[in-house]
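This report refers to the structure that appears directly beneath it.
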Amino acid sequence: MVSIIDGNKIAQDIRNEVRQSALALKEQKGIIPGLAVVLVGEDPASQIYVGKKAKACADVGFLSREYKLPAETDEEKLLKIIRKLNKDKLIHGILVQLPLPKHISTEKIIAAIDPHKDVDGFHPYNVGGLVTGSPLFVPCTPRGIMELIARTGIDLKGKEAVVVGRSNIVGKPIALLLLAQHATVTICHSRTKDLPSVTRRADILIAAVGKAHMIKADMVKDGAIVIDVGVNRLENGKLAGDVDFDEVAPKASYITPVPGGVGPMTIAMLMKNTLDAALAL
Ligand code: L34
C-alpha cells in the first residue's frame, strides 16, 4: 500500500519546533529572528508564495518585512535595498523572490546578498559550500525534500536516486544532497535520451520539471519513493504536480501530493533557515 506523505502536517510540526526555539532565543538573548522578503513585479504565483512566507513568519513569532516593488524597478534600486538590508541588525534573512523581471540580472542580485543572510542558499558562497559539504544555508525546497525522505525512515545509502530537472533552485542542489547521503544520483533533463528507461531505475524519483502530469506509471519502478516538486497551474485554476498522481500512486511506496507536499515544506524550511541565521549571531 502506498503512503501519501502529508507535507502540510510535517511542515506544521517543523513550524511548531521553530516557534519553540524562537521563543527560547527571545527569552535567553533578546533576539527575534527577522526575515526580509523582496518581490519585484506582480506575478500572481510569486504573490501567493510571498504572502505565505509573511504568514509563516507571524505564525512562528518572527519579524517579517515585505518589499513589494513595481516590475519596472531598476537593478541599482534593488541593489541599494539589499545593501541596506545586509547592514540591518533586525534582519537575519534576506530573500529575493524569483523569477525577477528580465531587465534585472538575477546573478548580480543574489551575489549582493550577505552569504550569512542568504536564507535561500543561492549565493555562490553557499552553492560552493553545498558542493563541498558545508554550506551556511541549504536551499529551502531541497532541504524540505530531504526532510520528507528522512521521515520515511529509508536509508539512502547505495540507493538509485533519479532527479528530473536541473534548475539551480531544485534539481542541482537536491542531487548534491542525495549524493551526500550516499545515493547513486542521476540527473535527467530535456535532452535526456529515453527518459523512461532512466526514471524506471529510481528507488527515489524527484520530479522538478514544471510540466503537469509528465511522470506516468510506466516511468516508475514498483515501490519507488516519488517526490513531486511541480506546482503547475492548469487552465481550470487547479494546481497539478509534475507526476500523474492517480496513475503513479498505486505503484509507489511513498508519494507526495500537490498541493500539500513539497510546497509547504519550502516555507517551513525557510523558517528554519531564518532561525539558524539568527542563532548564528
Ligand atoms: N528566492 N524564489 C526564491 N526562493 C524560493 O524558495 C522560491 N520558491 C519557488 C519560486 N521562487 C522562489 C518558492 O518559494 C517555489 N516556491 C514555492 C513556495 C511555496 C509553495 C510552492 C512553491 C506552496 O506553498 N505551495 C502550495 C500551494 C500554493 C498555491 O495554492 O499556489 C502547495 O501545497 O504545494
Side-chain angles (χ1 to χ4, degrees), residues 4-12 14-15 35-57 59 64 66-69 78 81-82 85 93-101 104-113 115 117-124 126-127 130 137-148 165 167-174 206-210 212 227-234 236-243 245 255-274 277:
I4 298 169
I5 299 176
D6 187 347
N8 282 323
K9 162 83 170 65
I10 297 169
Q12 194 54 57
I14 290 168
R15 279 159 61 157
L35 176 68
V37 177
V38 183
L39 174 61
V40 186
E42 281 95 43
D43 179 70
S46 295
Q47 285 179 333
I48 293 175
Y49 304 151
V50 164
K52 283 177 184 281
K53 289 170 186 186
K55 244 175 122 179
C57 282
D59 176 44
S64 91
E66 277 181 86
Y67 294 79
K68 293 196 168 166
L69 308 169
L78 188 52
I81 292 172
I82 290 169
L85 290 170
I94 303 169
L95 180 149
V96 179
Q97 190 69 17
L98 302 180
L100 285 168
I104 297 176
S105 159
T106 304
E107 224 176 308
K108 228 183 192 171
I109 297 302
I110 289 172
I113 299 171
K117 296 190 177 187
D118 172 38
V119 287
D120 259 332
F122 293 165
H123 188 285
N126 286 315
V127 177
L130 187 62
F137 301 102
V138 170
C140 303
T141 302
R143 194 177 178 193
I145 293 169
M146 293 309 284
E147 187 68 36
L148 293 178
S167 69
N168 290 334
I169 299 192
V170 183
K172 286 183 215 168
I174 191 66
I206 314 283
V209 186
I227 306 288
D228 190 349
V229 190
V231 265
N232 310 292
R233 187 132 337 240
L234 302 178
N236 64 11
K238 283 199 177 160
L239 274 191
D242 290 348
V243 176
F245 185 91
I255 190 165
T256 62
V258 176
V262 172
M265 291 299 288
T266 296
I267 313 275
M269 289 303 155
L270 174 63
M271 298 302 109
K272 213 161 183 179
N273 279 350
T274 304

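Remember, it's 1-based here, ligands and their atoms both numbered in the order they're listed.
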| request: Might you point out which heavy atoms bring A111 and P124 nearest each other, and give the distance in Å? | output: CA-CD, 4.4 Å
| Atom CD of E107: over 12 foreign heavy atoms under 6.0 Å | no
| request: Not counting sequence neighbours, which residues clear side-chain hydrogen bond (donor to acceptor under 3.5 Å, both in side chains) with N232? List them please. | output: D242
Hey, what polar pairs (N/O, under 3.5 Å) does ligand 1 make with protein?
| residue | atom | partner | partner atom | Å |
| --- | --- | --- | --- | --- |
| ligand 1 | 1 (N) | V96 | O | 2.8 |
| ligand 1 | 1 (N) | D120 | OD2 | 2.6 |
| ligand 1 | 2 (N) | L98 | N | 3.0 |
| ligand 1 | 4 (N) | D120 | OD1 | 3.0 |
| ligand 1 | 4 (N) | D120 | OD2 | 3.2 |
| ligand 1 | 11 (N) | Q97 | NE2 | 3.2 |
| ligand 1 | 11 (N) | L98 | O | 2.9 |
| ligand 1 | 14 (O) | K53 | NZ | 2.8 |
| ligand 1 | 31 (O) | R233 | NH2 | 2.7 |
| ligand 1 | 33 (O) | G260 | N | 2.6 |

| All side-chain hydrogen bond (donor to acceptor under 3.5 Å, both in side chains) counterparts of Y49, not counting sequence neighbours | none
| request: Determine whether more than 12 heavy atoms belonging to other residues, nucleotides or ligands lie under 6.0 Å from atom NZ of K55. | output: no
| Partner residues of S46 under the side-chain hydrogen bond (donor to acceptor under 3.5 Å, both in side chains) criterion, sequence neighbours left out | D43
